[in-house]
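Heads up, the thing below is written out as structure tokens.
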Amino acid sequence: MADLSPQRSQPSLLFPESTEDSRGYLDEEEEDMRERSSVTEFIFLGFSLSPKTTPLLFSAFLITYVLIILGNGLITILICLDLHLHTPMYFFIGILSMLDLGYTTTTVPQMLAHLASQKKTISFASCVAQMYIFLVLGITESWLFAIMSIDRYVAICHPLRYKVIMSPWLCEIMVIFCGLWSVISALVYTVFAMRLPYCGPNKINHFFCEVPAVLKLACADTSVSDVDFILGFSVILVPLSLILVIYVNIFIAIFRIRSAQGQLKAFSTCASHITVVTMFCVPAMVMYMRPSSMASPEEDKKLALFYNVISAFLNRIIYSLQNKDVKRAFLKVTGWGRASE
């Protein structure tokens, strides 16, 4: 008797029964391969230098870093010890000195170590930490410049009420706002950047874990330029716009001063702040707000080197060498002023 039970038909070679199972299997296999090949460390390509140029660059960066430590440390100590420097302006300059010191310490020692050795790697966790700390300090500094412009506005436009308006508690609240805003903004951006899959390659064409350079290694199909624009808008463009609006009002008030000597004195109080803001914000704005199609790794390294190291080095020169209060405080603390008298 013939078996009348339903027989399972064999799948046709030309018309397979279903491809869902095979697709699911391939997706799982691809995900497993991505997990197995996930990046655990990055390699810095650094600067394109000849073996003869590397020792010179190492010596230059080492001397610059030592001078940054000495200069920022000296400014901070003088502001703490001299009562005549316990003013809002020097309070903000002291905060700026500590930010510059932390800003350069985040990147320069590692850069010096990589210039002196053949191993130029950093773990994934260390890269995340470096990126986050760098963003926190950079965002804080950009907003601190905006607060310092407010201080200059009050000093020039409302000199008689300066001490009342710029009270110690208000200065501390504004600095705390800068810190909290930078911590939150940097956390959001770092989490977004580092939650992306990094499955290779792992070579960063930079000398530290800066966000645009790291995002180029992400395996996900994301619009990096849009993310950089958002960061540049919230971190650089907003405080810079605030600075421009404030200085427009400052210049209007200065031009109303009748005496040329009074105008020159008012301009001199703003010149150092304008110079420092320009050295920091303009390269950073070009770095983060430029379209990714126009980005060049070598130009990005130069820009990052300028607003990270060079600006921190020049800030102390701009704020101290032509500042009589700082010179007087230095002579008083060291005792040389009494000897000259």
Side-chain angles (χ1 to χ4, degrees), residues 60-82 85-109 111-112 133-152 155 171 174-175 178-179 182 208 210 235-236 239-240 242-244 246-247 267-288 302-330 333:
F61 284 147
L62 179 60
I63 294 172
T64 303
Y65 181 59
V66 171
L67 292 176
I68 289 173
I69 294 176
L70 295 176
N72 286 283
L74 180 61
I75 291 291
T76 305
I77 292 173
L78 291 177
I79 292 174
C80 293
L81 294 180
D82 195 337
L85 299 182
H86 289 185
T87 62
M89 183 181 72
Y90 290 108
F91 172 72
F92 296 135
I93 291 176
I95 299 296
L96 180 62
S97 298
M98 291 186 287
L99 288 174
D100 284 338
L101 183 58
Y103 207 53
T104 53
T105 303
T106 306
T107 59
V108 176
M111 180 177 61
L112 293 174
I133 295 172
F134 187 82
L135 284 174
V136 168
L137 297 174
I139 296 171
T140 304
E141 188 161 333
S142 62
W143 280 96
L144 182 66
F145 286 139
I147 292 177
M148 294 174 73
S149 66
I150 296 175
D151 174 73
R152 292 298 83 205
C171 297
M174 289 192 292
V175 171
C178 289
S182 64
F208 71 98
E210 191 164 29
V235 173
I236 302 170
L240 186 60
L242 179 61
I243 292 171
L244 290 176
I246 292 173
Y247 268 104
F267 273 119
S268 64
T269 59
C270 303
S272 57
H273 181 253
I274 294 175
T275 305
V276 170
V277 170
T278 304
M279 289 192 306
F280 178 83
C281 290
V282 172
M285 185 168 59
V286 173
M287 179 78 176
Y288 283 93
K302 295 176 183 178
L303 289 172
L305 190 64
F306 189 86
Y307 70 76
N308 181 21
V309 181
I310 305 302
S311 64
F313 173 73
L314 295 178
N315 285 351
R316 305 289 67 76
I317 299 176
I318 294 171
Y319 275 119
S320 60
L321 287 184
Q322 296 183 349
N323 194 308
K324 295 181 180 179
D325 295 332
V326 175
K327 292 180 180 179
R328 190 182 300 112
F330 176 75
V333 171

Next item on the list: Nearest 0.5 Å please: distance from the CE atom of M148 over to the CD1 atom of I93.
Entry: 5.0 Å

Next item on the list: Could you tell me which non-hydrogen atom of P239 sits nearest to which non-hydrogen atom of S142, and how far apart they are?
Entry: CB-O, 3.6 Å

Margin query: Rounded to the nearest 0.5 Å, what separates atom CD1 in I69 from atom CG in D100?
Written below: 12.5 Å

Checklist line | Partner residues of C178 under the side chain to side chain contact (heavy atoms under 4.5 Å, CB included) criterion, sequence neighbours left out | finding: T140, W143, I147

Check: So among L144, L240, I246, which one has a side-chain contact (heavy atoms from CB on, under 4.5 Å) with S149?
Finding: I246

Item checked: For the student: nearest non-hydrogen atoms of V309 and I68, plus distance -> O-CD1, 3.7 Å

Item checked: Nearest-0.5 Å distance that lies between atom CD1 in I318 and atom OG1 in T275 -> 5.5 Å

Check: Does the side chain to side chain contact (heavy atoms under 4.5 Å, CB included) test come out yes or no for L70 and L74, once each step is laid out?
Finding: CA-CA 6 Å; L70 295 176; L74 180 61; over 6 Å; no

Item checked: Pairing residues for F91 by the ring pair (Phe, Tyr, Trp, His ring centres under 6.0 Å) criterion, not counting sequence neighbours -> none

Notebook entry, point to check: Which heavy atom of A312 sits nearest a heavy atom of T104, and at what distance?
Noted result: CB-CG2, 3.7 Å

Note to self: Holding to side chain to side chain contact (heavy atoms under 4.5 Å, CB included), I want the full list of residues that pass it with A304, two or more places apart in sequence or in another chain.
What the structure shows: H206, F207, F208, E210, Y307

Check: Does L78 offer a backbone N or O that forms a donor-acceptor pair with the side chain of D82 under 3.5 Å?
Finding: no

Check: Do N315 and F280 have side chains that get closer than 4.5 Å, going by heavy atoms?
Finding: no

Item checked: From F61 atom CZ to M111 atom CE, the distance as rounded to the nearest 0.5 Å -> 4.5 Å

Next item on the list: Start with the C-alpha gap between Y65 and T105, add the side-chain angles, then the distance that decides, and say whether side chain to side chain contact (heavy atoms under 4.5 Å, CB included) holds.
Entry: CA-CA 8 Å; Y65 181 59; T105 303; 3.0 Å; yes

Next item on the list: Applying side chain to side chain contact (heavy atoms under 4.5 Å, CB included), run through Y90 and I75 and close with a yes or a no.
Entry: CA-CA 9 Å; Y90 290 108; I75 291 291; over 6 Å; no

Next item on the list: Of all the heavy-atom pairs spanning T76 and N72, show the shortest one and how long it is.
Entry: OG1-O, 2.8 Å

Check: Could you give the distance from CG (L137) to CG (N308), rounded to the nearest 0.5 Å?
Finding: 10.0 Å

Checklist line | Where C80 and H86 come nearest, the two heavy atoms and their spacing | finding: O-NE2, 3.2 Å

Margin query: I need the minimum non-hydrogen distance between F92 and D151, along with the two atoms involved.
Written below: CE1-CB, 3.9 Å

